[in-house]
Q: 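Here it is, the structure in full.
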Amino acid sequence: DAGITQSPRHKVTETGTPVTLRCHQTENHRYMYWYRQDPGHGLRLIHYSYGVKDTDKGEVSDGYSVSRSKTEDFLLTLESATSSQTSVYFCAISDGLAGGSGTQYFGPGTRLTVL
Amino acid sequence: GENVEQHPSTLSVQEGDSAVIKCTYSDSASNYFPWYKQELGKGPQLIIDIRSNVGEKKDQRIAVTLNKTAKHFSLHITETQPEDSAVYFCAASKTSGTYKYIFGTGTRLKVLA
């Protein structure tokens, strides 16, 4: 398995509180991605990073921000959590090498419940 | 925008039978198509992938076929076993730039013993 860990694995929080999820990799891969998974929607991209301090929005980025100060860590922050952000969050990594396939490898996920 | 449609959403088969899951993509520039298996409480795991310069790829009981003209690709599982029960996702991507995936909405496969 690719060396990807996510923390915390489970979190319950209240509406309006800030929440930060962490993704840590030991593969030295350039690309990192945050997805959310909801029934009937599959996996939807929130934000991604293509290098240290280089990030961009995905298809469902409203209400989320990210930061990447080191190659190995990619943080997802919900500035003020809402019940609609209750979901399972997955981090993925990709080496993004020229001529490669850009295959993404996923972490174990974080289940977030916003009450 | 870019879209991947996946069918069926649920599929039940008898143990030993074959299962087929189909996906259709909209972006003709897509050239990489991975398939993931997700077991309950775990992250998606890559099981097979195919590039657009290949029409078919096999790995033991699993195969993927690609029809670029029709813009669809399929996952075939033969001799299904109870441990094949899971949710399967297809995705479409381009092997350049950001390597972003567009995922299908998933198929829940149940293999009945």
Side-chain angles (χ1 to χ4, degrees), chain A residues 1-7 9-10 21 23-25 27 29-51 54-61 87-111, chain B residues 1-10 21 23-27 29-54 57 59 64 66 73 86-108:
Chain A
D1 291 343
I4 312 170
T5 56
Q6 292 185 231
S7 58
R9 295 293 315 279
H10 302 271
L21 309 182
C23 178
H24 179 78
Q25 60 146 329
E27 305 296 325
H29 281 0
R30 177 183 175 190
Y31 289 84
M32 299 185 76
Y33 310 82
W34 275 109
Y35 292 89
R36 61 177 289 172
Q37 184 174 39
D38 305 288
H41 291 279
L43 290 146
R44 293 182 292 174
L45 183 65
I46 304 171
H47 282 280
Y48 65 98
S49 169
Y50 47 97
D54 292 323
T55 65
D56 205 350
K57 296 178 180 181
E59 59 179 310
V60 291
S61 59
S87 187
V88 181
Y89 292 86
F90 287 100
C91 173
I93 64 174
S94 168
D95 58 21
L97 296 176
S101 59
T103 301
Q104 293 185 20
Y105 298 95
F106 284 80
T110 294
R111 181 173 296 277
Chain B
E2 299 165 9
N3 185 49
V4 173
E5 294 188 359
Q6 182 172 347
H7 298 282
S9 56
T10 60
I21 303 170
C23 289
T24 303
Y25 60 98
S26 61
D27 186 354
S30 296
N31 59 358
Y32 177 65
F33 308 93
W35 284 90
Y36 289 82
K37 175 183 181 182
Q38 185 178 26
E39 297 177 335
L40 193 63
K42 297 185 178 180
Q45 297 288 314
L46 179 74
I47 56 171
I48 195 167
D49 56 9
I50 191 168
R51 291 213 192 194
S52 59
N53 58 349
V54 175
K57 184 178 179 180
D59 182 3
V64 56
L66 172 65
F73 56 111
V87 179
Y88 292 81
F89 291 96
C90 64
S93 174
K94 292 180 273 242
T95 56
S96 62
T98 61
Y99 301 93
K100 288 193 292 184
Y101 283 8
I102 303 297
F103 278 93
T105 50
T107 296
R108 182 173 299 279

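Chain letters run A, B, ... following the sequence lines, proteins first, then strands; residues in each count from 1. Small disclaimer: the values here were computed from a predicted structure and weren't measured.
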Q: Quick check on side chain to side chain contact (heavy atoms under 4.5 Å, CB included): which of A/L43, A/L45, A/T103 does B/Y101 satisfy it with?
A: A/T103

Q: Please classify the contact of B/P34 with chain A as side chain, backbone, both or neither, using a heavy-atom distance under 4.5 Å.
A: neither

Q: Should the heavy atoms of other residues, nucleotides or ligands under 6.0 Å from CZ of A/R111 be counted, would the total exceed 12?
A: no

Q: What distance separates B/F103 CZ from A/Y35 OH, expressed to the nearest 0.5 Å?
A: 4.5 Å

Q: Picking from B/Q6, B/K42, B/K94, B/Q38, which has the most non-hydrogen pairs under 4.5 angstrom with chain A?
A: B/Q38

Q: Please flag which part of A/Y50 lies under 4.5 Å from any non-hydrogen atom of chain B: side chain, backbone, both or neither.
A: neither

Q: Examine whether an atom of A/R9 lies under 4.5 Å from a heavy atom of chain B, and if so say whether it belongs to the side chain, the backbone or both; otherwise answer neither.
A: side chain

Q: Closest approach of B/P44 and A/F106, non-hydrogen atoms and distance?
A: O-CB, 3.5 Å

Q: Which atoms of A/E59 are under 4.5 Å from chain B, going by heavy atoms: the side chain, the backbone, both sets, or neither?
A: neither

